[in-house]
Amino acid sequence: MNHDELRDWSKRAADWAHDYHASLRNRPVRAPLIPGKIANTLPETPPEQPEAMEAIFADFEGILPGITHWQHPRFFAYFPANASPASMLAEQLANAIAAQGMIWQTSPAVTEVEQVMMVWLRQALGLPEGFTGTIHDSATTATLSAVLTMREQALDWQGLTKGLSGAPRLRLYASAQTHSSVDKAARLAGIGQDNLVKIPTDSTLSMKPGALAGAIAADRAAGHLPMGVILCAGGTSVGAFDRMADCIAVARAHGLPTHVDAAWAGSAMICPEFRALWAGVEGADSIVFNPHKWLGAQFDCAVQFLRDPGPQVKTLGLRPSYLETAGREEIVNFNEWTVPLGRRFRALKLWFTLRAYGLEGLRTRIRNHVTWAAEVCEALRALPGVSIVTEPSLSLFSFACGDDATTAALLERINNDGRIYLTQTIHAGRYVIRVQVGQFDCTRDDVMMIADVVADLMR
Ligand SMILES: *Cc1c(COP(=O)(O)O)cnc(C)c1O
C-alpha cells in the first residue's frame, strides 16, 4: 500500500466510520462473550505475499461481532471512553504526521501544544496557578510516576541508584475505595502490596482522617518509613470521594506528599458546581484525571498536574548525550516527567476537542449526564424489587434486586439483551449493578431506557 492508495482508503474508512456511528443504536452494545470465536476466523500464520486491501478491509468487518461498542449511546458500563468526533479527526492528523515527541527538539509543536493545553485544562478545572502538567498514556502510569517520586523523596533519592535492599520499610496510604492501579503502583515500585496501608472509610466513603493520622504515627513508632498518601476523588467502584482538605492536612502535618486519583471525576470539575466534591484539592502535590474518560479526548490521554515537577523529573528523568539539545538545557523534555521515552502527539486531540465544543458545550454534556443519572435512579427506585444501594455520585450509582445471585442473573439477562450495557461491583460485601451515565452522544431517552430494560427483564 502506498500513500495514493492510503488517500482512497482513508476516504472509504471515513465513510465506514460515519455509517458505523450512525448505526450504533441498532447494534447490541456488548459483544457476545464466546472465547476464541474471533481468533478462530483468522489464519494461524502471517502472509508471505502482499494481500489486497479489499480483502483486508472485508476481514476487518468480519471481526466486528467481537467488538463491544464503547461509543454506543447506551454504554453505561465501567466508565465511558469518550471519543468526540473532533478528537477522532485530531487523531487522524496526528497519525498522518506520526511524530514522536520524546524531547522538545523532536517536534517543538508537540511539546508546546501540550504545555498550552495543560494551562488551559488547569484553568478549566479551577486549579490554582502554579500547577503544571503533562500527558501520560493512562492514569495507571501517572499514579506509578507519582508513587516512584514519593518513594525517592522518602529515600532521599538513594533508591534510584542503590536499590531498595537495606532501606527501611516504606509505607504508602490509601483508602480501600482507591483503584487497583494504586495496588499495582505499590507492587511495581518495590514497596510491596503489604505496605500499601488501606485506611478505613466512614459512612460517606471518605478515608477517616483520624485513622490516617493514627496509621502514620504507628508506622513511624515501629521504625517504618511513611512515604505518601493517595487520595480518591471519584472511586471506580461507586464513586467515593475522600475529604481532600482533611486528609491532605493530615498528610502535610506528617510531612508526606499527596497524589489525588480523579481519573473519572476530574472531567466533571470543569463545572464549578461540582468542585465542592474535591474541595481542598489545591493542597495536593499531584493530581491525575483522564480526559479520555468523560471529557471526549479519546484514549489515550491521562493528564497529571504537579505542584512542582522537580521531584518527579529528578526521579524519572535521564538525559543521556543522545537526548540532549545543544544550548537548550532549559527546554522541557516531557519524557523526563513520565515512564516511557516515546510520546505520541496526544495534545492535538485535546486542542481540537476543547475548541470544537468549547468548555460550555462540554459542561452541558456532563451536567446532562448527572441530571439524567439522577432521573433514571429515581425510575429504578420506583420499581418494586429494586433497591438503590449507593446514591448517585456525579453520574454513578448502584442497585440490586434481591440477593446476590438474583442480581447477578438479572445483570446477565440485561447484557445478553443488548439494548444497554451495565457492569457489576462488590460494595460492602454485596453484589451490585453499577450504572454510570457519560457517553458523549447519549440522550435522555437512551438513559431512561435503563429503567425500561430492567423492568422488562426482572423476574
Ligand atoms: C479508570 C480509572 C483508573 C485507571 O485508568 P487508566 O487510565 O486506564 O490507567 C484509575 N483510577 C480511577 C479512579 C479510574 O476510574
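When a ligand or atom number is given, it counts from 1 through the structure's own listing order.
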#### Entry: Option nearest atom 2 (C) of ligand 1 (shortest heavy-atom distance, choices H179, K293, Q436, Q177)
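Residue with the shortest heavy-atom distance to the ligand atom: K293.
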#### Entry: Nitrogen or oxygen of A302 less than 3.5 angstrom from that of ligand 1
no
### Task
Using a strict 4.0 Å threshold on nitrogen-to-oxygen distance, state whether R275 and E282 make a salt bridge.
no
### Query
Do NZ/NE/NH1/NH2 and the carboxylate oxygens of R444 and E375 come within less than 4.0 Å?
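Looking at R444 and E375, the cut-off is met.
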### Query
Would a distance-only check, ignoring hydrogens and angles, find a side-chain to backbone donor-acceptor pair under 3.5 Å from E114 to R346?
no
### Query
Judged by atom type as modelled, is there a donor-acceptor pair below 3.5 Å linking the side chain of K349 to the main-chain atoms of D300?
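Yes; at least one donor-acceptor contact below 3.5 Å.
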#### Entry: From F289, W264, F79, residue fulfilling side-chain contact (heavy atoms from CB on, under 4.5 Å) relative to W294
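Per the side-chain contact (heavy atoms from CB on, under 4.5 Å) rule, the option paired with W294 is W264, out of F289, W264, F79.
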Mark up the atoms of ligand 1 that fall under 4.0 Å of a heavy atom belonging to [X], in ascending order.
X: F79; answer: 15 (O)
X: S181; answer: 10 (C)
X: N290; answer: 5 (O), 6 (P), 7 (O)
X: G234; answer: 13 (C)
X: H292; answer: 7 (O)

Considering only protein heavy atoms, which is closest to [atom], and at what distance to one decimal place?
atom: atom 6 (P) of ligand 1; answer: A139 N, 3.5 Å
atom: atom 13 (C) of ligand 1; answer: T236 OG1, 3.3 Å
atom: atom 11 (N) of ligand 1; answer: D261 OD2, 2.6 Å

### Query
Sequence neighbours excluded, which residues qualify as side chain to side chain contact (heavy atoms under 4.5 Å, CB included) partners of A146?
H259, S286, Q304
#### Entry: Donor-acceptor pair between S175 and T201 side chains, under 3.5 angstrom
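Absent: no donor and acceptor within the cut-off.
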N/O donor to acceptor pairs below 3.5 angstrom from side-chain atoms of residues 244-252, sequence neighbours left out:
unit_1: D246; atom_1: OD2; unit_2: R243; atom_2: NE; d: 3.2
unit_1: R252; atom_1: NH2; unit_2: G283; atom_2: O; d: 3.2

### Message
Can you tell me which portion of T140 lies within the under-4.0 Å heavy-atom range of ligand 1? Options are side chain, backbone, both, or neither.
### Response
both
